[in-house]
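Take a look at the structure below.
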Amino acid sequence: MTKHIEKGAYFKIKKPRWNWKKIGGLPDAKEKLEEMVSLPIKHPGVFEKSGLKPPSGILLWGPPGGGKTVLAEAAANSAGCSYISVKAIEIMSEPEEITKMYDTARELAPCVIFVNEVDALAPIRDTESIWAEGITRDAPIRIAPMEITEIFYKELDRVSDRNDIITLGGTYRPDILDTQVLKKGRLDRKIYVPPPDYDDRLEIFKIHLKNTPLGNDVSVEKLAEQTEYYVGADIVGLINEARVLAIREKGKEFDTVKTEHFNKGMKRVPPSLSPGTVKKYVETLKAECDHCYLF
């Protein structure tokens, strides 16, 4: 019996809801995505007149939970275009869906496609990681067979001459990514999404605590200082834990979230990163310093 799969069974056509203001920190990544994705899609004629060829593919790389997914969605939102998101490890279960996804993007163009954990779809083969130790997530349990990777490359090549379909690939494991996916016309631009520094963490706290009643003893600046090696997802998790702890303590009498709730929350939600892991990302970035990030 033939298996029938509806279009979009393994990828999602979404209305972008994230925007730059909702994402704390990451000013450099936001600026580059605005220049490489949003502006070219909004003003294609201007780019053609100027002689600039926007990239058709961009790699977003950096620690897990650091904001790559929301940045991709915000870029599509800023561009005012269609948005498709997919998890590589899911779509490779039905390789024909890769072709369907790009056919759908042509129908919806202009369109941004975000392929999360793209390293599973385009991995280096027969190579072990030499620096990823210490990252809280393991390498993908499954990697795509070569014939499925070739389908992905074929689709990237088919849209490489278009200015209205841009593929964003996200990975926290650049060390296991096949260099063939980075060749010209594929994901040939790279944007580093770093761990949040103090100012970034402060902004993330302020955004996500905007509607939370805080005790007089709570210092958002102090929280930002205490959460070194936390990524954005960790901070959101910490805030939620602190809220739950405060509600559990006070029940119907809940009024504010206090410093003690955040301190207890930090024990429940430790940082995803470590000094060693951050060092490896920085070393990789330095090795990429001669890469052409812009046009």
Side-chain angles (χ1 to χ4, degrees), residues 12-34 37-38 60 62-83 85 87 112 114 116 136-137 168 170 172 191 193-273:
K12 297 178 181 179
I13 304 170
K14 300 176 62 177
K15 180 179 180 180
R17 300 189 181 279
W18 283 89
N19 59 49
W20 303 133
K21 291 182 179 179
K22 289 183 178 180
I23 303 172
L26 304 174
D28 189 55
K30 292 176 184 176
E31 181 178 342
K32 286 185 170 69
L33 283 169
E34 184 71 18
V37 178
S38 305
L60 299 176
K68 296 180 289 296
T69 302
V70 294
L71 283 169
E73 187 170 323
N77 192 349
S78 177
C81 68
S82 302
Y83 178 64
S85 69
K87 293 182 179 179
V112 168
F114 177 63
N116 196 15
T136 55
R137 304 180 188 182
L168 303 179
Y172 63 89
I191 297 177
V193 183
D197 60 18
Y198 169 81
D199 291 332
D200 291 343
R201 296 194 300 274
L202 181 60
E203 187 175 349
I204 294 169
F205 271 111
K206 287 181 177 179
I207 289 172
H208 291 279
L209 288 173
K210 185 176 182 181
N211 298 315
T212 301
L214 299 175
N216 293 330
D217 64 337
V218 175
S219 166
V220 182
E221 290 77 13
K222 182 67 174 178
L223 289 173
E225 290 177 2
Q226 291 177 302
T227 49
E228 188 176 11
Y229 303 119
Y230 277 66
V231 294
D234 296 335
I235 293 174
V236 173
L238 167 60
I239 291 171
N240 290 335
E241 283 292 337
R243 288 168 175 157
V244 169
L245 287 165
I247 292 172
R248 179 179 178 180
E249 179 183 295
K250 292 293 188 69
K252 293 182 179 180
E253 304 301 320
F254 167 76
D255 52 355
T256 61
V257 181
K258 299 179 180 179
T259 295
E260 64 179 291
H261 302 129
F262 285 103
N263 290 338
K264 291 178 181 178
M266 288 179 198
K267 295 180 181 179
R268 292 189 177 188
V269 184
S272 290
L273 302 178

| field | Residue pair Lys68 / Gly62: nearest heavy atoms and the distance that separates them | value | NZ-O, 3.1 Å

| task | Could you go through the side-chain contact (heavy atoms from CB on, under 4.5 Å) check for Asn263 and Gln226 one step at a time? | result | CA-CA 9 Å; Asn263 290 338; Gln226 291 177 302; 4.0 Å; yes

| task | Evaluate side-chain contact (heavy atoms from CB on, under 4.5 Å) for Ser219 paired with Phe262, printing each intermediate quantity in order. | result | CA-CA 11 Å; Ser219 166; Phe262 285 103; over 6 Å; no

| task | Could you check if a side-chain atom of Asp234 sits within less than 4.5 angstrom of a side-chain atom of Thr227, using non-hydrogen atoms only? | result | no

| Tell me, do Tyr230 and Pro271 make a side-chain contact under 4.5 Å, heavy atoms counted? | yes

| task | Check step by step if side-chain contact (heavy atoms from CB on, under 4.5 Å) holds for Tyr83 and Ile13. | result | CA-CA 6 Å; Tyr83 178 64; Ile13 304 170; over 6 Å; no

| query | Can you tell me how far the OH atom of Tyr172 sits from the CG atom of Leu60, to the nearest 0.5 Å? | reply | 15.5 Å

| remark: Those residues at least two apart in sequence (or on a different chain) that pass side-chain hydrogen bond (donor to acceptor under 3.5 Å, both in side chains) with Asp28 are Lys32

| query | Say you draw a straight line from CG of Leu71 to CD1 of Ile191; how long is it, rounded to the nearest 0.5 Å? | reply | 8.5 Å

| query | Gly265 and Leu238: which non-hydrogen atoms are nearest, and at how many Å? | reply | C-CD1, 3.4 Å

| request: List the atom of Pro63, the atom of Pro195, and the distance in Å for their closest heavy-atom pair. | output: CG-CG, 3.7 Å

| field | Test salt bridge (Lys or Arg N to Asp or Glu O under 4.0 Å) applied to Lys206 - qualifying residues, sequence neighbours left out | value | none

| Looking only at heavy atoms, which two atoms of Trp18 and Asn77 are closest? And how far apart? | O-ND2, 2.8 Å

| When you measure from the side chain of Ser38 to the backbone N and O of Ser78, does any donor-acceptor pair fall under 3.5 Å? | no

| said: Rounded at 0.5 Å granularity, tell me how far NZ in Lys222 sits from CG in Asp217. | reply: 12.5 Å

| said: Using a 3.5 Å distance criterion without hydrogens, assess whether the side chain of Glu203 forms a donor-acceptor pair with backbone atoms of Gly25. | reply: yes

| How long is the span from the CG atom in Leu223 to the CG atom in Leu202, to the nearest 0.5 Å? | 9.5 Å

| query | Do Ile207 and Phe205 come within less than 4.5 Å of each other through their side chains, counting heavy atoms only? | reply | no

| task | Kindly give the heavy-atom pair with the smallest separation between Leu33 and Ala75, and that separation in Å. | result | CB-CB, 4.3 Å

| request: Nearest 0.5 Å please: distance from the NZ atom of Lys12 over to the OG atom of Ser85. | output: 6.0 Å

| Validation row: His208, Ile204 side chains within 4.5 angstrom (heavy atoms) | yes

| message | Among residues at least two apart in sequence or on other chains, which ones pass salt bridge (Lys or Arg N to Asp or Glu O under 4.0 Å) with Arg17? | response | none

| remark: Distance col, row Phe254:CZ vs Arg248:CZ, nearest 0.5 angstrom, shows 15.0 Å

| message | Within the 4.5 Å heavy-atom criterion, are Val218 and Val257 side-chain neighbours or not? | response | no

| task | Could you go through the side-chain contact (heavy atoms from CB on, under 4.5 Å) check for Asn240 and Arg243 one step at a time? | result | CA-CA 5 Å; Asn240 290 335; Arg243 288 168 175 157; 2.9 Å; yes

| said: Take a 6.0 Å sphere around NZ of Lys87 and say whether it holds more than 12 heavy atoms from other residues, nucleotides or ligands. | reply: no

| field | Student check: side-chain heavy atoms of Glu225 and Tyr198 closer than 4.5 Å | value | yes

| Are side-chain heavy atoms of Asp255 and Lys250 found at a separation under 4.5 Å? | yes

| note | Heavy atoms of Ile23 and Ala74 approach each other most closely as CD1-CB, 3.7 Å

| Just wondering, do Pro196 and Leu26 contact through their side chains at under 4.5 Å, heavy atoms? | no

| said: Set out, in order, the CA-CA distance, both residues' side-chain angles and the distance that settles side-chain hydrogen bond (donor to acceptor under 3.5 Å, both in side chains) for Glu241 and His261, then state yes or no. | reply: CA-CA 8 Å; Glu241 283 292 337; His261 302 129; over 6 Å; no

